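Positions are given from 1 along the sequence. Treat the numbers as computed from the prediction; the structure is a model and nothing was measured.
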Amino acid sequence: MSDPRAWEMRVFLRVAARGSFSAAGRDVGMTPSSTAKLIGRLEERLGVRLVERSTRKLRLTAEGELYRERAEALLGDMDALDAEIAGGARAPTGLIRVNASVPFGQHCLLPLLPDFLRDHPGITLDMTMTDEVVDLYAARVDIAFRAGPLSDSALLAQRLGVVRRRIVASPAYLERKGVPMTAADLEAHDCLGFNFRRAAAVWPLKSGGRLVDREVPTRILANNGETVRHMALLGLGLARLADYHVRADLREGRLIAVLDDALVDTEEIHAVYTGRDRAPRRVRAFLDHMAPRLRAMLAD
């Protein structure tokens, strides 16, 4: 192998997987002593111990576990790049790491995956769903779907549409607590909120002819929109959720929208991705498949 650091990583990963220098050495065509010396040189260069030696089995240190995780990801990207470039005009292959909020992932992305995976058998997906905003570079994410203004100008972005939020509650809740008719009525209601860092217990509502960010009384907090939706279905309170998230519930009568005339709440949805001037073919294939379908879904 021409790149000595990549070779070190591959040997280290075999040591981590096999738990011994001799077994790892057999896998890569090296003697046990040469394998041990290579790992020793790697540790010396990094200035940390990666492997705890014992008479029975090798064990990774905390630094070794971190190095293993990062080395697997880095070598996976390198192998995917080699396959992509060598493949030329052939179908894109490799791993795509995707990040989305829990509601967007479950209600928008997941229904589109069967067709994409059928049409792209060489692509593997690593899906992470969280309502927290992740750093694409630190989390090694290829593409993320975000609502709201974009702050990182280093990322490439495709606009997918505009999402309207609705205030919804179950019929049982409204029967018990009454239907709010004005923004002021929310003071007598239980509102469901979010506990992640960027969340605030304010809803943009028209009151007295002007739009204000009104603080609402939140009785229960959760860390993702899908949990809040289930809370609303259980009759625990009023929830402010994206239209695509509760569309089926509204249609089937499981939830009822209130204060539609008072709530003025829309956000743009973007697909954001790394790659500077040119994203990898596997990421472009994912975007080309998903973007028009998501635009149609959000426009309904």
Side-chain angles (χ1 to χ4, degrees), residues 62-63 65-78 80-81 92 94-113 116-117 123-163 165 192-201 221-230 240-242 244-245 265-291 293-295 297-298:
E63 292 79 9
E65 290 286 358
L66 177 61
Y67 190 79
R68 178 192 58 77
E69 178 183 334
R70 298 294 177 83
E72 285 178 344
L74 182 59
L75 291 175
D77 285 348
M78 291 172 60
L81 175 61
L95 175 68
I96 306 174
R97 297 181 181 88
V98 181
N99 174 267
S101 70
V102 179
F104 192 85
Q106 291 192 3
H107 292 266
C108 296
L109 291 182
L110 291 187
L112 301 179
L113 292 187
F116 174 78
L117 293 173
I123 286 179
T124 301
L125 293 178
D126 182 341
M127 302 283 297
T128 300
M129 296 186 194
T130 174
D131 284 14
E132 289 279 7
V133 175
V134 302
D135 183 321
L136 270 66
Y137 294 99
R140 303 186 63 78
V141 169
D142 293 303
I143 179 169
F145 296 88
R146 290 183 175 169
L150 299 179
S151 58
D152 191 342
S153 60
L155 297 174
L156 303 175
Q158 282 194 27
R159 185 180 181 275
L160 301 175
V162 176
V163 171
R165 286 201 181 95
L192 307 174
F194 296 94
N195 59 15
F196 43 82
R197 287 170 296 179
R198 61 191 176 93
L221 304 174
N223 68 343
N224 68 82
E226 188 65 4
T227 298
V228 170
R229 170 179 166 266
H230 281 288
R240 171 175 157 254
L241 298 169
Y244 69 78
H245 191 182
D265 192 3
T266 59
E267 280 190 321
E268 291 188 337
I269 299 285
H270 289 86
V272 296
Y273 50 100
T274 58
R276 299 187 184 277
D277 296 331
R278 191 167 184 269
R281 287 181 66 237
R282 64 187 186 279
V283 175
R284 296 202 310 277
F286 188 79
L287 278 170
D288 290 346
H289 182 96
M290 293 292 177
R293 293 164 174 82
L294 290 171
R295 289 190 181 103
M297 186 183 297
L298 296 175

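- How far CE of Met129 is from CZ of Phe104: 10.5 Å, rounded to the nearest 0.5 Å.
- The side-chain contact (heavy atoms from CB on, under 4.5 Å) with Arg282 is formed by just one residue from the set Asp142, Ile143, Leu287; it is Asp142.
- How far CZ of Phe145 is from CG of Leu109: 5.0 Å, rounded to the nearest 0.5 Å.
- Using a 4.5 Å heavy-atom threshold, the side chains of Met297 and Tyr244 count as separate.
- Shown here for Val228 and Ala222, the closest heavy-atom pair between the two residues is CG2-CB, 3.9 Å.
- Using a 4.5 Å heavy-atom cutoff, the side chains of Val141 and Thr128 are not in contact.
- Taking the side chain as every heavy atom from C-beta outward, Glu69 and Arg140 never approach each other to under 4.5 Å.
- Summarising the geometry, atom CG belonging to Asn224 is positioned 8.0 Å from atom OG1 belonging to Thr130; distances are rounded to the nearest 0.5 Å.
- Distance CE/Met127 to CG/Leu110: 5.5 Å, rounded to 0.5 Å.
- His245 and Glu226 form a side-chain donor-acceptor contact under 3.5 Å, judged by distance and modelled atom types alone.
- In this structure, the salt bridge (charged side-chain N to carboxylate O under 4.0 Å, His left out) partners of Glu268, at least two apart in sequence or on a different chain, are Arg159.
- Residues meeting the side chain to side chain donor-acceptor pair (under 3.5 Å) test with Arg97, sequence neighbours left out: Asp77.
- Formation of a donor-acceptor pair under 3.5 Å by the Asp126 side chain with backbone atoms of Leu95 is not found in this model.
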